[in-house]
Each structure stands twice: as structure tokens, then as C-alpha cells.
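A quick write-up on the structure given underneath.
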Amino acid sequence: MARSATDAREDERASIPAPKSPRGLVEIDGGARLTPIQWIERRMLSRPLIGPIAVLVFALIVFSIVSPNFGTLQNFSLILQQVQVIAMLGIAQTLIILTAGIDLSVAAVMLLAQVVMGKLAVAMGLPPELALVLGILVGVACGAINGLIVTKLNIPPFIATLGTLSIFYALNIFLSGGESVPYADVPGLFNWLGTGFQVLGTTFTFGQVLTILMFLVFAYILRSTAWGTHIYAVGDNLEAARLSGIRVNRVLMSVYIVAGLIIGVTAWLLIGRIGSISPTAGASYNLASITAVVIGGTSLFGGRGRIMGTLLGAVIVGVFSSGLSLAGFDNLWQEFTIGILIIGAVAVDQRLRKIGR
């Protein structure tokens, strides 16, 4: 039987060998070919914690080789103690940044809350338990003020919190008179989070335990609750979230209030960490908390990131600071390295956002 022209063309195509995948390309689902770098970028887009984990593992390996004292459990506990306050502030900062906002007042709120605790308990003689609760509520009130300015006055979060930074810090200095409350006068309850306990011969503190628990709680909230889903939706596309029925202003307001609550608890943690109530200790933690969030892989443009990434970011900062110090480098090189990490993290975020679009 005579073969048709179509059959002949099909036989001709079948006789042509399939093109081989060029060297350096990776086969993925659907037959598309990506370079190894593109493959890594796609994985980082779907799993935001890959980057921070890789940086942390690399730093741990390098510094453990450079300095024998670095890899001890005791040194790791010290690193956690050094970064726990920044990490806790980072939880509040992450919630706000996920909504495409930013809070420059977190450290000022923390200082104001702890000064109120000290003023009420030491100067006015209130029971420490009541003073502690009222101090935490000061944090909630400050968060609510920030939220009202952002939602009701429609002032961008950067400008709103830049203004309240000055206001809250001025109130802090006014109430404290610029004076610290020494360890001997601080109620025992206020210093409880700084109390240590032994594990495998290494000292850990209840403040470290609280910090880890807070991260676990908010990791669950963001991943498994409607509120967490709404936070991501508002940060990813505010107008689309509004059109889908999400009450955007209510979500934003709740985020700032919860952030204030976390900051109030962090004020208690700070007292336990330093052993006294100081109106200036931790004043620079505003930028430090943002650093932990950014290095942890959360996008400054909102809608993408994981709360556990912030913990990794804070630990990365602590690891580099400790490792470089043990290796004999000056503090200026520690700051230099952190700057490189920040720029690198933002550059990666920009690249991933471009791929995501």
C-alpha cells in the first residue's frame, strides 16, 4: 500500500535524534531546562528558609574550623542570650513587614514599657505582678497608636513610626529622668527571665525558652490560621485583599496591636537580660530587628517570608559577631560583614520577586 506524504514526514522527524540537554542545564517537570542557578532560585522561591539555613550552616562550619572555642555548646548558649532580645523584637517587626510596613519605634516602645514597669514597682510601690502587666499594656497601647496613625490618618508606616520613635523615646527619658534602676532595686520577678538552669553542663535561661516558644507560637499562627493568611494577603497585594473581602484596616490594626504586645513582653526580657532597668539599653535595636528580619529572608515589600527565618537571621548575626570576635577581628569588620549580609539578602529578595512575577 502506498504511504502518504504525512507518514513520510513523520518517519523523517522520528529519524532525527532528540536534542541533548546542554551541559550545566537541569531537567525539571514539563521538560523545561534551567541552569543550576535558576534551579536554586526556584527552590528558594518556594522554600524561603533555604537561604538563611545555608548561610548559617556555612558560617558554623567556617568559624568552627577557624576557632576551636566557637563550636562549643556554651558558646552557642551565649550567642542565643546575646540575640534573644533582638529576635523577640524581630517577631513584632516580621508581622509588620509582612504587611508591607515597617516599624522604626520598636526599641523606643520597649524602653518605655520597661521604664513604666520600674516606675510603678520601684518608685510607686505597686506589686511587681501588676506593674509587669501594666508595662506590657503600655506596649499594646503604643502599638495601637501606631496602628491608628497608619490606618486612620493614612500615613505611611515608615513616616508614622519615625514620628512615634521620637515621641516614645522622649516619654521614656521624661519618666525615667535619664536614670537607671540598679539590679539591687529591681524586683525579682522582673529578673526572672534572666535566671539560668543547667542542660548538659551548659547554662541556659528562661528568657531563651520564652523566645523559642514565642517563635513556635507565631510560626503556627502565620501558617495555620485565617489571621496569618490575611496578613500575607494584605502584604502581597493590599487592593486585591480588599476586593476579596478582607477587612484590610482591621488586619493592619490587629498586627500593630499584637506587635505592641510582643514588644511589651520583650521589655520584660530585656530587664532579665541586663539585670537592671535602663532608659538607653537597646536603643539601637530598631535597625537590628530589621536586620534579623531581612537576613532571615522576609521581603521588605511584604507578603513573603517565614517567622522562623527571623530567628535564623538573628542567630546568623550573632554567629558572625561571635565568630569574627573569636577569630580576632575588630568590631568594625563585624559591622562590615553584617552590611554585606543585608545587601546580599535584599538583592536575593529582589531577584526572587522578579522570578515570582
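Basis for what follows: all heavy atoms, side chains included, without hydrogens, waters or symmetry-related copies.
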Does a side-chain heavy-atom distance below 4.5 Å link F218 with T94?
-> no
Should F206 and L269 count as side-chain neighbours, where that means a heavy-atom distance under 4.5 Å?
-> no
Note, L95 side chain near L222 side chain (heavy atom, < 4.5 Å) = yes
Is L80 linked to L78 within one hydrophobic cluster, defined over Ile, Leu, Val, Met, Phe, Trp and Tyr using a side-chain heavy-atom separation of less than 4.5 Å?
-> no
Heavy atoms of other groups near F76 CZ, more than 12 under 6.0 Å | no
Just wondering, do I149 and I159 contact through their side chains at under 4.5 Å, heavy atoms?
-> no
Any link between Y183 and W192 through a network of hydrophobic side chains (Ile, Leu, Val, Met, Phe, Trp, Tyr) touching at under 4.5 Å?
-> no
Looking only at heavy atoms, which two atoms of T205 and G194 are closest? And how far apart?
-> CG2-O, 3.9 Å
For L287, look at atom CG and say whether over 12 heavy atoms of other residues, nucleotides or ligands are found less than 6.0 Å away.
-> no
Are more than 12 heavy atoms from other residues, nucleotides or ligands located less than 6.0 Å from atom CH2 of W333?
-> no
Heavy atoms from other residues, nucleotides or ligands near CZ of F204 exceed 12 (cutoff 6.0 Å) | yes
Counting heavy atoms not belonging to F197, are there more than 12 under 6.0 Å from its CZ?
-> yes
Could you check if a side-chain atom of L324 sits within less than 4.5 angstrom of a side-chain atom of F63, using non-hydrogen atoms only?
-> yes
Does F320 reach the side chain of V55, with side-chain heavy atoms less than 4.5 Å apart?
-> yes
Do other residues, nucleotides or ligands put more than 12 heavy atoms under 6.0 Å from L213 CG?
-> yes
Taking side chain as C-beta onward, heavy atoms only, is I307 less than 4.5 Å from I221?
-> no
Can S77 and T202 be counted as having a side-chain donor-acceptor contact under 3.5 angstrom?
-> no
With hydrophobic residues grouped by side-chain heavy-atom distances under 4.5 Å, do I246 and L243 end up in a single group?
-> no
Heavy-atom check, side chain of V265 versus side chain of L210, under 4.5 Å = yes
Closest non-hydrogen contact found for I271 with N191 is O-OD1, 3.1 Å
